[in-house]
Structure formats: structure tokens, C-alpha cells
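These notes are about the structure you will find just below.
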Amino acid sequence: MNMIANILGLGNAATPLGLKAMKSMQEDNKDKTKLTDSMLIFIVLNTASLQIIPTTVIAIRSSLGSSNPTKIIFPVWVATICAAIVGITVAKIGIKLEK
């Protein structure tokens, strides 16, 4: 549900769902002082915040009188996809180096 909220651009709604997901993953974690690989990838994807419809940004642009508030959609797609690719790549390299 956290990922769906992020994809729809509902960042504030995604936060409690993300915290619940991390708590659930921490319960299965054997070493409570370290992140599991799945926890790390979840954090990276959550931080990259892949969005199909950046509703918050569109609403802000609209409220400030933008003539085309949805013009931000394509740059948001590019930025979030690049952030996710770089984040996952760096995380996977770090995971391999640690092991």
C-alpha cells in the first residue's frame, strides 16, 4: 500500500504505511541492529518515490496559478526513475561488497 500511495503521488499518506511495513520487516529481522537487504531496497524505493501522478506538486502548481500545472509530469517521471535506478544500483553494489 505504501508503494501504491507513492506511485499516486500521495507522499503524506504513504508515510504511515511505510512505517508499518518497516515495523513488519523488522519483526522478521534476526539482527535488530542491521537492515536486511529487503529493508534497504524498500527504503531506497520509498526515497526515490516513483510517481505516475505527482498529485501534490500538481496541486501546489495549480494553487499558485500555473497555466499548465501538469507540465511537471514528464520531468517527475524522468527524475524518479533515474533516482530509483541509481539508488538500487548503489544499494546492490553495497550489499555485494558487504558480503
Side-chain angles (χ1 to χ4, degrees):
M1 289 177 60
N2 170 270
M3 297 304 240
I4 292 169
N6 272 328
I7 287 171
L8 295 176
L10 306 172
N12 290 338
T15 301
L17 298 169
L19 292 172
K20 186 175 180 181
M22 286 299 285
K23 184 177 180 182
S24 175
M25 285 190 272
Q26 181 68 351
E27 289 172 1
D28 297 334
N29 189 0
K30 292 179 178 126
D31 184 357
K32 304 292 184 193
T33 63
K34 293 184 179 180
L35 293 174
T36 64
D37 295 350
S38 60
M39 290 169 80
L40 178 63
I41 296 299
F42 179 76
I43 291 170
V44 168
L45 288 174
N46 211 354
T47 303
S49 187
L50 294 169
Q51 295 182 10
I52 293 174
I53 308 167
T55 54
T56 303
V57 176
I58 291 171
I60 291 170
R61 288 174 52 89
S62 181
S63 72
L64 295 174
S66 173
S67 61
N68 190 358
T70 59
K71 193 174 184 177
I72 194 75
I73 291 176
F74 185 71
V76 166
W77 289 349
V78 172
T80 59
I81 288 169
C82 289
I85 290 169
V86 169
I88 291 171
T89 302
V90 170
K92 290 290 188 177
I93 289 170
I95 290 168
K96 285 185 180 181
L97 291 175
E98 187 178 308
K99 292 181 180 185

Worksheet item: So T70 and R61, side chain to side chain contact (heavy atoms under 4.5 Å, CB included) or not? Walk me through it.
Response: CA-CA 8 Å; T70 59; R61 288 174 52 89; over 6 Å; no
Within one Ile-Leu-Val-Met-Phe-Trp-Tyr cluster: [X] and [Y], side-chain cutoff 4.5 Å:
X   : Y   : value
V76 : V44 : no
V90 : I41 : no
L64 : V57 : no
F42 : I95 : yes

Of all heavy-atom pairs between [X] and [Y], which one has the smallest distance, and what is that distance?
X   : Y   : answer
P54 : I73 : CD-CG1, 4.0 Å
A14 : N2  : O-ND2, 2.6 Å
L45 : A84 : CD2-CB, 4.4 Å

Worksheet item: Considering residues, nucleotides and ligands other than I4, do more than 12 of their heavy atoms fall under 6.0 Å from its CD1?
Response: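 Incorrect, the count does not exceed 12.
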Discussion item. When you compare the side chain of L50 with that of I81, does any pair of heavy atoms fall below 4.5 Å?
Written reply: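 Yes - at least one pair of side-chain heavy atoms lies under 4.5 Å apart.
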Worksheet item: Considering only heavy atoms from C-beta outward, does the side chain of N29 approach that of L35 to under 4.5 Å?
Response: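 Answer no - side chains too far apart.
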Practice prompt. Would you confirm whether S24, through its side chain, and K20, through its main-chain N or O, come within 3.5 Å as a donor-acceptor pair?
Written response: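 Checking the backbone N and O of K20 against the side chain of S24, no donor-acceptor pair under 3.5 Å is found.
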Discussion item. For residues 21-48, which residue pairs pass the salt bridge (charged side-chain N to carboxylate O under 4.0 Å, His left out) check, not counting sequence neighbours?
Written reply: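 Output for this query lists D37-K99.
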Worksheet item: Nearest 0.5 Å, what's the CE-CD1 distance between M25 and I43?
Response: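 So the gap between those two atoms works out to 7.5 Å.
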Worksheet item: Which residues satisfy the side-chain contact (heavy atoms from CB on, under 4.5 Å) test with M1, sequence neighbours excluded?
Response: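 With neighbours one apart ignored, the set is L17.
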Worksheet item: I58 pairs by side-chain contact (heavy atoms from CB on, under 4.5 Å) with which of S66, S63, P69?
Response: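 That would be P69.
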